[in-house]
Structure formats: C-alpha cells, structure tokens
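Predicted model, so just to flag it, every value in this text is computed and none were measured.
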Amino acid sequence: MKSEKFRRQVADSMVNVAISAEEVHKINLATDAYEKARAIFKVDKHSGGNAKLAVRGCIKINKLQAKEMESVQDYVSAISHRSKVCQLLDEENRTIPSCQQQVKIAYLHAENDDYAKSVEVLHAAIRRLHKGVKSVDYMASNRVNLLVRCHEMQAICYVKSKKWNDAVDQYDEVLSLILKKEGQGGKQYNSVLIRKSALLVMTGNYVMATPTINKYLKNAEHSDQDLIVDDLDHALALDTNAATHIKLNEVDEAISVFERKLAFVKTLPNNHQMKSDTMHKLGCLLANDNQLESALPLLDEALRTKKHIYDGKHKSVLKTTWAVAATNHLLGHNDKALEQYSILLANMTIIEDMPLNVVTIQHSAAKLFFEVGKVDKAVDIFRQALHGAETSGNPQLKSEITLNLANALSGQEETHKAMELYDQLLNMKSLKKTKLSFMTRFNKCLLLVKMGDFDEAKVILHRIGGNPSSMANDMRARVFLTLGNLALLNGSIDEPMEYFGHALDETADGDVSALVYTKKSIAMAQLDVGEPDKAILTLEDALEDISYSGVDGKPANLLKAEIWNCMARVYKKEVDLRQAINFARLALQTYKADLGEKNPITLRNLTNLQLLLLEEAEELEDYDDAKSVTDAAKCELEDTLNVFESLDYPWTYLLDIATLKINMGLLAVWEGKHKKARKLVSQLEEIELPLEHSLVHCIAFLEECLEELELAGKVKDADIKKQKKGSNRKSKGGSQRSSRKSKRR
C-alpha cells in the first residue's frame, strides 16, 4: 500500500464492513474483515479508535465461532477459536479474561477425555494468576474466584484420571483459598468439603473421610439456614456419612442416616432416581443387619421405581433385582426368589457387561433350586458356576461350588459322581484342616450312610469328632447327632443317648437349630424305647428353647413345625389320635404359610395328616361320619399325588409318589375296591426301588391284602353262584329245558 494514511482508510473501511457483515450474521465475511483490519493496524502500530474495534471484533467473532462449534460438539475447532481469543487477549494484556478462556479450553479438553491436557492448561492459568502477586492475601477477589475454579477443575480431572492423591491435594488448595475468602460457614466451602470427603471414602481413606464429613455436619448444625449447600450436595454428604459409619461397623447409625436421607429425598422434586437408589441402599443395609422384614418392602419399591425409570436390563435394575432375590431367599419366599433369580440368569446370556458377579449369582440360585427340590436344575447351574469360578481364578469359591455340586449330585442319586467330587476336594492340599474340608468329610459320610456303608461312615465321623482342630468345631454337634442316629439302628438306647449328650455339649451358644434337632432325636429315641412321657417333656423343652432363643420369623416357625410333627408321632403311638391330629394340623399350617402349598415338605405333611384322619375314621361308630372323613381324606391324597406328579423333575419325588400310591391302595382295599387297588399295584411295580428299601416291604404287604380281598371276593362270588344254581333246580323242568335250548341257540 502506498501510504500509511491510505492503509488506515482501508483498515477503517474493513472494520465498517465487518460490523455490517456481523449485523446480518455473515460471520465468515466479518471474520476476514476484522482480521485484515487488525493486521493493518498492527503493522502501523495503531492502538486507538478502530484498531481497538478490530481487536474486539476478532475476539467477539472467535467466541461466537467457538460457541457454534461447541453446540455441535466439535471441541477441537472450539479449542482452536478459544486459543485465538486467548492470544488476542494476551496482546491486550488482559490477564483475567485470558485465564477465563483457558479455563474454558481446559473444560473442552476434558469433554474430549483428554484430562492430562486439561490439567496442563489449568496449571498454566494458575501460574498466570499468581504472577506478580506476592501472596493470595493481596490477590483481587476476581482472581481468587478464578483460582478456586481452576483448582476445582484440576481436582475433577485428577479424579477422572484416578489420580486420587493429586485430587485430594487440589481440594485442599480450594478449601484453603475459600477459607481465607469467606470462612468455613459458607456454601462453597462446605460443598467442596463434602466432595473431598466423598473422594476419601471412594479411595478407602476413612481415617481422613470421617473428620472431614463430620466437619460439614457440625457446620450445618450451627447454621441458621435449613441447608448451607445445594440439595444434591447434602444428599451426597448423607451418603458419605453413612459410608463412614458402615466402615466403623456402626450399622444402627448408618441405618439412621439413610432413613434421614430417604425422608429428605422424598421432599425433592423429580426424586425418583435418587429415592430408588436410597431405598436400595437402606434395604441392603437392613437385610445385612438381618432386618429382612423391614428390608424387603424398601427393595421391592426400589425395584418397581427403577423398572419405571430404566430399561429392565439397566445395571441399576439388575443390582436391585439381585438384592430382592437374596432377601426373598433368606426370608424363605422361595417362589419370589426363584422368579428374580430366573430373571438374572436369563440376562446373563444377553448382557456382556454384567454389573454383578455372575458366578456368585449362579451359586446362590443353584443353592435355592436345590433347596426347593429342583435338583436337575440345581446341578446344571452349579456346573455353570463351577466353570465360571475356574476361569475367574477364585479357588475358594470354586471349592465351595464343587462341594455344593457334590451334594446336589448325591440328591440326584448320582452317587459315584458325587463321591468323586468329595474325594477330589479331600485330596487338595490347600484345603487340608480347613472348615470346608471337615464339611466335605461330613457330607461324604451322609452319602455313605445313604449307600448303606455304615461302618466306613462311622470311622470318618469318629475322626472328625475327635479332631482337635478348631476348624472342626462347627461340625462336631452334627457329627455326634449323626452317630447317635446311626447307633439307634442297633436297637439300643444307651449308646445313642451318650452321643446325643456329646452333641448337646458341642452345640454352639445361639445355635438353636442344632440344639432343637438334637433334642428331637433324643425324644424319638425315648419314644422308641417306650418312654413317651419323657419324649413329650423333651419336645416341650425344645419348644421353650425356640421361644427364648430370640430367633423369630420363618426359621423359628419351621423349627416349631418340626417339633409339632414329632409331638404328633408321639401322641399317635400313645393312641391319642385327636391330640396327634391337632399337632399335625399346627405343623401343616406353618408349612403352608412359610413354604407354600406346593412345597414337597408341605405335601408330605398333608399326607401324614390324612393318614391320621383315616385312622381316626376307623374308630368312628357312625358310618356316615366315617365315610365323610374317608372321602375327604381320599380326595386330599389324590390331589397331593397329582401335585407331586406335576412338579418339575417328578422322578425326584418317586419315593413320595410310591408312598402315596401304597396308602391309596390300602385305602382302596379297605373300601373293597379291588380293581382300583390292583391298578395302583401295577403302577407301583413300574417304580424301580432298591430291594432292601422299606417301601418294597410295604408294597408286598399291599399285595397280600389285595390278594386276600380278591380271594374273599371269589369265595363270595362262588357262594352266590351256588345259591343261584340251587334255586334253578327248584324251578320246573319245562323252563329248564327251555333255558338250555335258549343257550344252545
């Protein structure tokens, strides 16, 4: 250009063009015009008038372009424009605005997950803010505010990068700055205090986390305001406070904190997500504290809310589903637990990033399937869990699953496979003299007893009982109880009672289950030797133990039902059928309530009650009354048989089915229905039973009764025929001849 004056005129014109282009939103034209004008003014070193307008225009246009790029998430381009703004501001010696742009650039790097670059930019901004200032005490408030923001963002970046110590250091810097600026009673200070304590909890540094969160709680208590921080920060503070109580094993205090949080969250708008999360945490804590009845409603509501908010495969939904399944399992709500476990098992095959430990869920689900008698299903899931444990490298869990799989195979009558697994565990050097090893030996003994090998079982049981290791302590009571029951088979009473005495001595304090089962065995031994009065006293003593044990709910109910069943047996032997029926009904009502009407245990007790009622019907003098009881009992037995046959894997209940058919056959014989009895005998012949099994003798007895009935029927038919033949001889000969002709024709 020819002269400085001409160049200035051109630059002024460019500024005017840029302003006009900006007004009509022609951003690119405005950008070019401002840049050219700024370049001319810079060469000629003009700084006033339109020169400042050109620089400000460049800054403004680059900010607009940065915002536009940010709106479409083109963060690289946005960073480029923001960097240009920083450069222009630096040329103008505008430190604070330039640092503000650096903070925004750092934010954009973080949005791109480049936390290292973000920290680098923030560090540069912090250096610039400190430049020329002797101490923070002499720093202007706008600089201090920006410095606080830089340190906070650095802390967040370090958290995202999992550099926990660096993050804590940054929070300490922030707290120090805010403390000098406004003291510790303000919103900003306490908000940072909460976030620091939450970070310390997340990293497991409870030593520092506890006093940090307690400092906020103290500040909040002394404040005149309801809350000194935002709602979300206060909710985070309550979560953090509860976590510190849990770490210190202060469960009651943690429950109290979560209850306060739940009450607080319910007052917030759009609270469904936070409320369901709080209910989940509180429910899990209550369940862990064995407050299962209080935990389940919270977990159920949490699950319903989460299913409304999220997809059924969402991680949060699956976690609560697991909590609901486990709590129902512990409460004995087996149908509901199986439903939730089935949902989890189904999702395992379609969700790659499962938020839960798959092996643990499979293991728990398989144990429940085994408990409810679905042995085939249990074996299948145990095998899946075992495969998962082998690949996960958890030897302890693998051994536990192997033991449970062996127990399930034993229940499946796969005795050889079960024995192989027991021996496999016992041959592992790492398990020697561990609690699992003694449990394996004991379960192996139970299998040996089932196989009829009593001698070897007794040898192993004596070794467990006599082992001085503390790892065997939990098994000793069960060992002596089993030895006592085996000794009863010899027909003596002294030896069994001695073993039962040892079992009582070895029963741990508070183990009411072991105590009750031992006393039950003692009572049955007393009954066998003809001492029913002593048996009743022993059983009543067991009921008192349950009442004073502090155990309640389903576990206590089932123990009582077990004792009531034994009372029914005692009174039956005492020929007090009415009292026996009363106790049997008590037991049945309990099983129906706590196990469900289709549970195999409930069905067996229903059968026993009907047999007692039939026995009572035999003694009734009134035929109609007896027939009414008999018909009702017969219908119940038939319904029970149908339920057993409809259950999954009915072969598992073959012994129950056989028992029912034997009793129904005897009832048919008693009623004189030989055809129905014969049909049942034919069905029983199709069931394969070991020759030494007691049911084989029962079937033989049924056949003898049926043969007697059929023989009596033939004799009766023969008598009737003779009577008819005699009457025919008395009739006229013509009619006899006519009859013979008729037969010939």
Got a second to check how far Met279's CE is from Leu299's CG, nearest 0.5 Å? 9.5 Å
Steps toward side-chain contact (heavy atoms from CB on, under 4.5 Å) verdict (Ile361, Asn357): CA-CA 6 Å; Ile361 292 173; Asn357 188 312; 6.0 Å; no
Let's go through Gln291 and Ile255 carefully: what are the C-alpha distance in whole Å and the side-chain angles of both, what is the deciding distance for side-chain contact (heavy atoms from CB on, under 4.5 Å) to 0.1 Å, and is it a yes or a no? CA-CA 11 Å; Gln291 299 183 47; Ile255 289 171; 3.7 Å; yes
Taken to the nearest 0.5 Å, the spacing of Asp169 CG from Lys163 NZ works out to 12.5 Å
Testing the 3.5 Å rule here: is there a donor-acceptor pair between the side chains of Asn145 and Lys181? yes
Donor-acceptor check, side chain of Ser118 to backbone of Asp114, threshold 3.5 angstrom: yes or no? no
So, do Phe382 and Lys367 sit near enough that their side-chain heavy atoms are less than 4.5 Å apart? yes
Show the numbers, then the answer: is there a salt bridge (charged side-chain N to carboxylate O under 4.0 Å, His left out) between Arg304 and Asp300? CA-CA 6 Å; Arg304 283 194 300 272; Asp300 279 336; 5.2 Å; no
Option among His314, Glu301, His272, His280 that satisfies the side-chain contact (heavy atoms from CB on, under 4.5 Å) test with Lys306: His280
Could you give the distance from CD (Glu400) to CG (Leu436), rounded to the nearest 0.5 Å? 6.5 Å
State whether the number of non-hydrogen atoms from other residues, nucleotides or ligands found under 6.0 Å of Glu182 atom CD is greater than 12. yes
So, does Thr320 use its side chain to make a donor-acceptor pair with the main chain of Ser316 at under 3.5 Å? yes
Taking the side chain from Asn62 and the backbone from Cys58, do they hold a donor-acceptor pair closer than 3.5 Å? yes
If you count the non-hydrogen atoms of other residues, nucleotides and ligands that lie under 6.0 Å from NZ in Lys336, is the total more than 12? no
Rounded to the nearest 0.5 angstrom, the CG-OG1 distance for Asn394 and Thr360 is 8.0 Å
Asp311, CG: over 12 other non-hydrogen atoms inside 6.0 angstrom: yes
Can any side-chain N or O of Asn347 pair as donor or acceptor with the backbone N or O of Ile343 at less than 3.5 Å? yes
Take Lys218 and Tyr216 through the test side-chain contact (heavy atoms from CB on, under 4.5 Å) and record every step on the way to the result. CA-CA 5 Å; Lys218 187 176 180 181; Tyr216 159 71; over 6 Å; no
Look at the side chain of Thr402 and the backbone N and O of Lys398, then say whether any donor-acceptor pair between them is shorter than 3.5 Å. yes
Checking the side chain of Ser256 only, and the main-chain atoms of Asp252 only, is there a donor and an acceptor separated by less than 3.5 Å? no
Is any side-chain heavy atom of Gln101 less than 4.5 Å from a side-chain heavy atom of Lys63? yes
Does some side-chain heavy atom of Leu177 sit less than 4.5 Å from a side-chain heavy atom of Met139? no
Does Val324 offer a backbone N or O that forms a donor-acceptor pair with the side chain of Thr327 under 3.5 Å? no
Would you indicate whether the side-chain heavy atoms of Arg143 and Thr95 approach each other to under 4.5 Å? yes
What one should report as the nearest heavy-atom pair of Ala323 and Cys284 is CB-SG, 3.8 Å
Could you check if a side-chain atom of Lys84 sits within less than 4.5 angstrom of a side-chain atom of Gln65, using non-hydrogen atoms only? no
Hey, is Glu70 close enough to Lys104 for a salt bridge, meaning N to O under 4.0 Å? no
Least distance between heavy atoms, Val103 atom then Cys150 atom: CG2-SG, 3.6 Å
Search all heavy atoms of Cys99 against all heavy atoms of Leu146 and return the closest pair with its distance. CB-CD2, 3.5 Å
Does atom NE2 of His130 have more than 12 heavy-atom neighbours from other groups under 6.0 Å away? yes
Give a yes or no answer on whether the side chain of Asp277 reaches the backbone of Gln273 with a donor-acceptor pair at less than 3.5 Å. no
Whether the side chain of Ser135 engages the backbone of Asp137 through a donor-acceptor N/O pair (distance < 3.5 Å, no angle test) should be reported. yes
Interatomic distance, Met208 atom CE to Thr244 atom OG1 [nearest 0.5 angstrom]: 14.0 Å
Can you name the closest pair of heavy atoms from Gly388 and Val359 and give their distance? C-CG2, 3.5 Å
side-chain contact (heavy atoms from CB on, under 4.5 Å) between Leu108 and Asn112: does it pass, once the steps are laid out? CA-CA 6 Å; Leu108 293 172; Asn112 260 347; over 6 Å; no
For the residue pair Asn241 and Arg260, establish whether any side-chain heavy-atom pair is separated by less than 4.5 Å. yes
His234 versus Leu238: any side-chain heavy-atom pair under 4.5 Å? yes
Closest approach of Trp322 to Leu344 (non-hydrogen atoms, all atoms of both residues): CA-CD1, 3.6 Å
Around atom OH of Tyr107, are there more than 12 heavy atoms of other residues, nucleotides or ligands at under 6.0 Å? no
Verify the distance criterion only: is there a donor paired with an acceptor across the side chains of Thr212 and Lys196 at less than 3.5 Å? no
Given Asn190, which of Leu227, Leu217, Val229, Leu175 fulfils the side-chain contact (heavy atoms from CB on, under 4.5 Å) condition? Val229
Between Ser161 and Cys157 (side chain of the first, backbone of the second, donor and acceptor by atom type, cut-off under 3.5 Å), is there such a pair? yes
In Å, rounded to the nearest 0.5 Å, how long is the span from CG of Asn328 to CG of Leu292? 10.0 Å
Distance-only donor-acceptor check, side chains Tyr115 and Asp113, under 3.5 Å: yes
Counting C-beta onward and ignoring hydrogens, is there a side-chain heavy-atom pair between Asp166 and Gln170 closer than 4.5 Å? no
Arg128 bridged to Asp90 by N-O distance under 4.0 Å: yes
Between His363 and Asn404, the two heavy atoms sitting closest are NE2-ND2, 2.8 Å
Greater than 12 external heavy atoms within 6.0 Å of Glu111's CD: yes
